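Comments concern the structure below.
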Amino acid sequence: MNQVSTISPNDILTTAEQWRWQIGHTFHEQLMETIYTEAAEIADAAVTRPDSRPRFDLDRTIDRLVTSRLWGFPMMVLLFTLVFWITIAGANIPSGWLSQLLIDTAHPWLKSGAAAIGMPWWLSGLLLDGMYLATAWVVSVMLPPMAIFFPLFTLLEDFGYLPRVAFNLDNVFRKAGAHGKQALSMMMGFGCNAAGVVATRVIDSPRERLIAIITNNFALCNGRWPTQILIATLFIGGLVPAYLAGLVSALAVVGIAMLGVLFTFGVSWALSRTMLQGEVSTFSLELPPYRPPRILQTIYTSLIDRTIYVLWRAVVFALPAGAVIWLVANIQVGGSSVAEYLINVLNPIGVLVGLNGVILLAYVVAIPANEIVIPTVLMLTVLVTGAHHVGAGAGVMFEMQSEAGMITLFQNGGWTLLTAVNLMLFSLLHNPCSTTIYTIYKETGSAKWTAVAALLPVVIGFVVTFVVAQVWRLVAG
Amino acid sequence: MNQPYNSPATDACAACPVHHTANLRKLGVNMDEWDYVVALAGNPNTGKSTVFNALTGLRQHTGNWPGKTVTRAEGGFLYAGKQYKLVDLPGTYSLLSTSLDEEVARDFILFGQPDVTVIVVDATRLERNLNLVLQVLEITDRAVVCLNLMDEARRHRLQVDARTLARDLGVPVVPTAARQGEGLPLLLQMISEVASGQTVCRPRRLRRQPPQLKRAVEELVARIEAVFPRLPNARWVALRLLDGDERIAEAVRRGELGDLARSAPPMADSDMLIPLEVAQ
């Protein structure tokens with residue numbers, strides 16, 4: 001700086017200090033008070049209020065209901081159950097169509113086309129049986145539920161319901177030693193954990209923000225809803241008469257989601273008493289007015305922003321994953337395939353926690369994206385059950401026209417109700433996907449906290465599934 | 001006071017669809033250069049992102065809850081032959097606190113030096129929203145108030161007089177209902193008039209502060225302007241120093257305050273975000 005001036009920067013600071021002494025520590029309050037007074041004056045001059053208050057205020061009435069101590073929580077459960085029920089009931093039929101089209105019809109057609117142009121078996125296997133089928137599975141399993149779930153969720157959001165949920169949960173979060181606004185980042189986490197982690201920026205205190213970041217993974221994300229919905233539909237819905245199946249499956253999914261919320265509270269509580277001790281900060285949360293949702297625009301944006309985005313991400317990860325699965329299933333080492341070898345290594349651990357080697361391997365393959373867990377599990381199960389004689393080689397998913405086909409496959413793979421329940425639990429309680437881990441690293445700038453956020457849920461997942469498996473086996477004999 | 005900005009003539013013009021479609025071209029994110037930078041500030045949940053989408057044609061996700069936007073979103077539009085870069089800032093109640101999302105907004109208005117700051121306010125909660133408006137007017141000369149959610153105000157049978165408000169605030173006030181696209185043509189026109197200097201604002205500065213406070217600010221402003229002559233918001237720096245803001249004091253001590261004002265504004269989002277420090 002080449003200022004020619006008799007006053008130096010230090011003079012400014014000295015003057016400021018002197019005035020601070022004179023004014024005292026109430027400067028901030030005095031300034032705010034001035035601003036408030038003037039704002040009130042200006043607003044008074046500009047606003048004319050209606051002479052009489054309307055006798056019935058709809059917003060107020062809805063608020064009393066949805067944030068009531070008695071009805072708040074039941075209404076929350078009811079609303080979310082309704083959303084999942086609509087999703088599950090509505091997704092079945094289009095899912096069937098898509099798998100009919102992409103897998104039952106298009107795949108054999110492509111295979112015969114490849115044979116006709118003389119494509120070598122390994123290339124058509126890698127491209128069609130690996131990459132194409134994995135992608136087709138992701139699309140047919142994920143697209144319908146997402147196309148229903150996201151618009152519904154976005155409508156709730158647009159209407160103004162989410163801040164009420166935050167309001168209801170605030171008290172619990174405070175008791176857990178966390179920040180009330182964590183309810184908001186948790187809600188974002190139900191869409192995508194990476195987005196949820198970024199959303200924690202609304203929390204001022206670093207301590208509470210870290211708690212929110214570490215526990216965000218307990219909010220069931222996009223990539224995991226389809227797993228929950230499919231497994232619940234197949235195994236839990238299958239336990240009851242057909243007319244109840246949809247509702248019971250929906251309740252099972254809501255149950256898992258709520259369990260995630262409980263884990264959020266529990267882990268926040270534990271963290272705030274161990275690694276991240278400190279005061280709870282207070283804040284004010286504005287309950288925005290209810291706004292009639294713009295249905296068409298909401299459907300448009302949620303389809304474009306969320307459904308297509310998530311689907312695209314899933315496809316991008318499914319393509320290489322499909323190739324990897326096909327390769328590990330077909331590369332032979334000492335008489336058995338690499339996949340069989342890996343599954344055999346993982347199987348004892350899997351069985352110990354009520355899962356199996358296939359599921360654990362699928363979770364390793366699916367670290368980049370949770371979305372591909374189910375396709376991977378299906379492909380690998382086909383491999384180990386030897387069901388591939390139906391299809392076209394190892395690591396290939398064969399045609400499955402119905403849920404019955406899928407459930408038979410799983411049963412051949414040794415699945416029981418315990419496997420299904422523990423898969424649902426493990427899907428909730430395992431490491432975040434690599435995108436989320438990277439986001440956590442970017443937001444915290446700390447390798448240590450990133451490691452905690454990544455490993456804590458897996459450890460909890462193994463402990464929980466282990467306990468469930470042991471108790472289950474004890475009780476069921 | 002001469003107020004060309006809300007005369008009935010412009011209103012009639014703006015209501016005509018030809019006027020609107022002929023002048024606005026939404027550019028989305030495709031912009032390499034721009035003539036003016038416009039910042040969108042406001043309390044949380046007043047519809048900033050909705051205004052942003054309506055002007056840029058982007059589909060920044062909007063949600064009915066405070067805190068939806070935590071980083072800046074940028075987009076562009078072309079209006080009457082000029083390119084505008086529009087920056088959607090996170091909602092904030094105040095510029096005087098220290099949370100990360102509020103800092104993003106504050107630093108941009110202060111150091112990004114937008115050509116126009118559009119303050120989106122909720123017409124149904126005017127008093128509380130004006131707190132922020134008054135703070136923004138303390139630090140910038142060029143602002144337009146977008147009196148949004150007029151549809152909701154009507155639903156609550158509130159009448160908000162934009163002219164009185166414009167007179168008291170000394171900047172243009174445009175009533176809008178951004179969700180319905182109502183009032184946006186006039187908003188665009190006001191933005192362009194303020195950006196080009198056609199309309200000169202005389203923003204209200206705080207008048208009711210205790211005399212002692214007033215003297216302290218005046219004395220400090222004089223000194224700050226002597227040392228940092230090109231600083232656009234000496235008043236705000238004075239207020240922060242009196243409030244004991246260490247970050248600003250440090251910038252003054254090192255003589256970096258002038259650099260902040262002169263150098264290019266921090267443009268990448270990540271640069272503005274201070275890494276989370278772990279409290280232990």
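Naming: A, B, ... by sequence-line order, numbering from 1 per chain. A quick note: this is a predicted structure, and the numbers were derived from the prediction, not measured.
- Of all heavy-atom pairs between A/Gln30 and B/Pro210, the closest is OE1-CG, 3.4 Å.
- At a threshold of 4.0 Å, the pair A/Glu41-B/Arg208 counts as salt-bridged, since one of the basic side-chain nitrogens sits closer than that to a carboxylate oxygen.
- Side-chain N or O atoms of A/Glu38 include one that pairs as donor or acceptor with a backbone N or O of B/Arg207 at under 3.5 Å.
- The nearest pair of heavy atoms linking A/Arg20 to B/Asp243 is NH1-C, 3.2 Å.
- In this structure, chain A has heavy atoms under 4.5 Å from both the backbone and the side chain of B/Arg179.
- Note: B/Gln135 CD to A/Leu31 CG = 7.0 Å, rounded to the nearest 0.5 Å.
- Scanning for side-chain contact (heavy atoms from CB on, under 4.5 Å) contacts around A/Gln22 gives A/Trp19, B/Gln212, with sequence neighbours left out.
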Audit row: B/Glu219, A/Thr15, side chain to side chain contact (heavy atoms under 4.5 Å, CB included) steps and yes/no:
CA-CA 8 Å; B/Glu219 199 171 303; A/Thr15 316; 3.4 Å; yes

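- For B/Leu206, the parts lying near chain A are the backbone and the side chain together; criterion is any non-hydrogen pair under 4.5 Å.
- Contact of B/Glu138 with chain A is not made at all, since no heavy-atom distance falls under 4.5 Å.
- The CG atom of B/Leu95 lies 8.5 Å from the CD1 atom of A/Ile35; values are rounded to the nearest 0.5 Å.
- In this structure, the portion of B/Leu149 lying under 4.5 Å from any heavy atom of chain A is its side chain and not its backbone.
- Sorted pairs that involve residues 186-197 of chain A and meet salt bridge (Lys or Arg N to Asp or Glu O under 4.0 Å), not counting sequence neighbours, are lacking altogether.
- Partner of A/Tyr36 under the side chain to side chain contact (heavy atoms under 4.5 Å, CB included) criterion, chosen from B/Asn131, B/Leu134, B/Leu130: B/Asn131.
- For the options B/Asn129, B/Asp161, B/Asp151, heavy-atom pairs under 4.5 Å to chain A are most numerous at B/Asp161.
- With chain A as partner, the option from B/Leu213, B/Thr164, B/Asp168, B/Val160 having the largest number of non-hydrogen pairs under 4.5 angstrom is B/Leu213.
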Output, in order, the C-alpha distance, side-chain angles, deciding distance and verdict of side chain to side chain contact (heavy atoms under 4.5 Å, CB included) for B/Arg253 and A/Asn10.
CA-CA 6 Å; B/Arg253 194 168 297 130; A/Asn10 272 328; 4.2 Å; yes

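- The closest side-chain heavy-atom distance from A/Thr48 to B/Leu158 is not below 4.5 Å.
- In terms of heavy-atom proximity, A/Ala16 sits nearest to B/Leu241 at CB-CB, 4.0 Å.
- When heavy atoms are compared at a cutoff of 4.5 Å, B/Arg204 approaches chain A solely by way of its side chain, counted from C-beta outward.
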